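Computed from a predicted structure; not experimentally measured.
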Amino acid sequence: MEKTLIRNIEDAVKGLYGQVPDISKLQIQETRKEFEGDITVVVFPLLQYSKKSPEQTATDIGNYILDVNPGIDSFNVVKGFLNLRLNKRALMQVFNGLMQSGKKDFFSDNAGGAVTLVEYSSPNTNKPLHLGHIRNNLLGYSLSRILTACGHRVYKTNIVNDRGIHICKSMLAWKLFGEGKTPADTGIKGDHFVGKYYVEFENAYRKEIEKLVSGGLTPEEAAERSELMAEARELLRKWEAGDRETVELWQMMNSWVYEGFDATYRELGVDFDKIYYESDTYKKGREIISYGLKKGLFYKKDDGSVWVELSGEDLDEKLLLRADGTAVYMTQDLGTAVERYNDFSFERQYYVVGNEQNHHFKVLKIILKRLGYEWAGGIHHFSYGMVNLPEGRMKSREGKIVDADDLLATMFTTASEMSDELGKLHDFSREEKERIHRKIGLAALKYFILKVDPRKNMLFNPRESIDFNGNTGPFIQYTYARIRSVLRKAGEYEGKDGDIHDDPELNEKEKELIKLLGRFDDIIADAAEMLNPSIIANYVYDLAREFNQFYHDYSILGEEDVSVRLFRIRLSDISGETIKRAMWLLGIDMPERM
RNA sequence: GGUUCAGUAGCUCAGCUGGAUAGAGCAACGGCCUUCUAAGCCGUAGGUCGCAGGUUCGAAUCCUGCCUGAAUCACCA
């Protein structure tokens, strides 16, 4: 419709004023609710061609469109705004188009699409996942689905940070205090089990430092003198040297962590096509760095550390390899990027990583380009904001975190309590009920996080943030469940599969629904272009709200006119499908009943 | 100090590639279940869009300066 209008306007300006307008400046928008009409053309940009008043120009163009466009019934002019009224024929055309395409499979036409990698999650193996990871996972998963819907061939990847001093700390604490226990012995989930020893290390280390400081050392001297830290470093050195006992311990503890992560990922409903491990890719990173050294792209300092000079890019020099030859963050990210390209020959790669890493990814891209990798132009840091608590930033060392498993469990129990109170699922088995409660709890959490613009820091208040009413996931699910309920009952009505003979007269709610539904494809494209799932979330909320108003104001199955009833059933059907598809893009499942 | 991002109702957030009288939800108050699921619908109240300039027919939106907050500029990953 919009495209037709743009052509109409172009023709109008040519015909009326003898000039070719710059259509990129055209402003066409939804008519605001306070005014009469459906689509509004802002005519101010056209005054330069008409050399007439805004009102006169709008009237001229309105008349022209009325003549040539059979979908427009009437128009009115308010100041410089030309409000066009769509007729039933135009709207039914949109509706019929939706009936054709509105249920199509998002995977149907991406066989030849651009190969696109999305990296997300990126956990460290020394502690369990927390709320920050949840935001990361949800954004990554949703982004993958949105890009898929836009024709990309998407591969979801994860880089597991499984090596380094942090895991050595957990290993050391387990050796010192673990008494040979395992997650199976203690009944503690593997990632929490290992995380417990990381905390024990930090506590013991802090005590050691305090003792040294009270003995008269400065904190810096104390840190250098720390035996615990020295032992942890020794473990790291042994690990890099391939010491068998150390490597076996490392493997055992990591395997515990992975069991735990897998469980959390399963609960969250996210998955990956390929998982990379830093313990593999850092080696590749080292190779790349010696190659860069040979090429003169990097340089070695006297102590043996390797650097790259970035002052030409308004940045400082950046360390690539420590003096003792061990790897840093950048080392392994260079290796991972190259391995990924070797594996996938991707056109695009999105790194879903918090905005605290903005600098890192800027540097990563520059270095890859200097190394001559042309594909480096296709990598992009999907930078998102932090999740803050009412008391400020989450700090795992101080225990001020929201644990992912705890949070998920809370969501499920809250959903159960709420549902039991309403008592609508009394005829379901316990297992069925639980499955639905999980869907609802997850939807509440996922929607809460995804409805916020990813770039922004957001606030999570454990006591107040998770709601099940209003602009929430459960509200949208509820709308869907209502629609499904109507459609189940619609089976009893005759003529369900027949044709709608005469286009029905459309009421305001039906018109609004059709217009909203007609925008869905543009919304998906917008979300993909802006890399912003919240656009989908806000759209689906508007849609659900609009449907609830329609549902409240008009009877669907109680409508006596067969043609109108059939139309409303189908409108409900397509609304439900669109809600479901939109929520799918957010990674949120819909219950048939709730 | 440099760079980047943010500041909209009591709270959480939309709106930001310039368009009409700035929107939702929560919280507060008041209505609507004998009728397709009340996790719903309707209404009341709530705003100097951080501040000051500028650009223009028009600025929450663009530009400049300032204020406030966050992140980063690390041999922690």
Can you find a side chain N or O atom of [X] that sits less than 4.0 Å from OP1 or OP2 on [N]?
{"X": "A/Lys489", "N": "B/U37", "result": "yes"}
{"X": "A/Arg565", "N": "B/C36", "result": "no"}
{"X": "A/Arg393", "N": "B/A71", "result": "yes"}
{"X": "A/Arg568", "N": "B/C36", "result": "no"}

- Inter-residue atom distance A/Leu320.CG - A/Ile289.CD1, 0.5 Å rounding: 5.0 Å
- OG1/A/Thr472 to OH/A/Tyr447 distance, rounded to the nearest 0.5 angstrom? 7.5 Å
- Message: When you compare the ring of A/Tyr478 with the six-membered ring of B/G40's base, are the centres less than 5.5 Å apart and the planes under 30° from each other?
- Response: no
- Flag as yes if A/Phe475 stacks onto the base of B/G40 (centroids under 5.5 Å, planes under 30°), otherwise no. no
- Task: Classify the ring geometry between A/Tyr539 and A/Phe520 as parallel (under 30°), tilted (30 to 60°) or perpendicular (over 60°).
- Result: parallel
- Task: Write down the distance between CE (A/Met394) and P (B/A70), rounded to a whole number of angstrom.
- Result: 16 Å
Does the structure show a Watson-Crick or G-U wobble partner for [N], both distances under 3.5 Å? Name it, or say none.
{"N": "B/A28", "answer": "B/U44"}
{"N": "B/G1", "answer": "B/C73"}
{"N": "B/A20", "answer": "none"}
{"N": "B/U34", "answer": "none"}
{"N": "B/A6", "answer": "B/U68"}
{"N": "B/A59", "answer": "none"}

When all nucleic acid strands are considered with a 4.0 Å heavy-atom cut-off, which category describes [X]: base, sugar-phosphate, or nothing?
{"X": "A/Glu278", "answer": "sugar-phosphate"}
{"X": "A/Pro45", "answer": "base"}
{"X": "A/Ile440", "answer": "base"}
{"X": "A/Met386", "answer": "nothing"}
{"X": "A/Arg593", "answer": "base"}
{"X": "A/Asn83", "answer": "base"}
{"X": "A/Leu459", "answer": "sugar-phosphate"}
{"X": "A/Phe547", "answer": "nothing"}
{"X": "A/Val42", "answer": "base"}
{"X": "A/Gln48", "answer": "nothing"}

- Query: Which listed nucleotide (B/C73, B/C75, B/G19) is nearest to the side chain of A/Val328?
  - Reply: B/C75
Do [X] side-chain and [N] base share a donor-acceptor contact under 3.5 Å?
{"X": "A/Asn469", "N": "B/A27", "answer": "no"}
{"X": "A/Thr472", "N": "B/A39", "answer": "no"}
{"X": "A/Asp303", "N": "B/C75", "answer": "yes"}

- Relative to its sugar, using the 90° cut-off around 0, the base of B/C33 is syn
- Determine the minimum heavy-atom distance between A/Phe468 and A/Pro474, stating which atoms define it. CD2-CG, 3.3 Å
- Query: Of A/Lys515, A/Arg568, A/Arg570, which meets salt bridge (charged side-chain N to carboxylate O under 4.0 Å, His left out) against A/Glu510?
  - Reply: A/Arg568
- Message: Please determine whether a side-chain nitrogen of the Lys or Arg among A/Asp542 and A/Arg545 lies less than 4.0 Å from a carboxylate oxygen of the Asp or Glu.
- Response: yes
- Query: When the aromatic ring centroids of A/Tyr258 and A/Tyr277 are compared, is their separation below 6.0 Å?
  - Reply: yes
- Message: Pick the closest RNA chain B nucleotide for A/Asp553 and for A/Ser534 by heavy atoms, then say which residue is nearer the 5' end.
- Response: A/Ser534
- 5′-ward residue of the pair A/Ile436/A/Phe35 relative to RNA chain B: A/Phe35
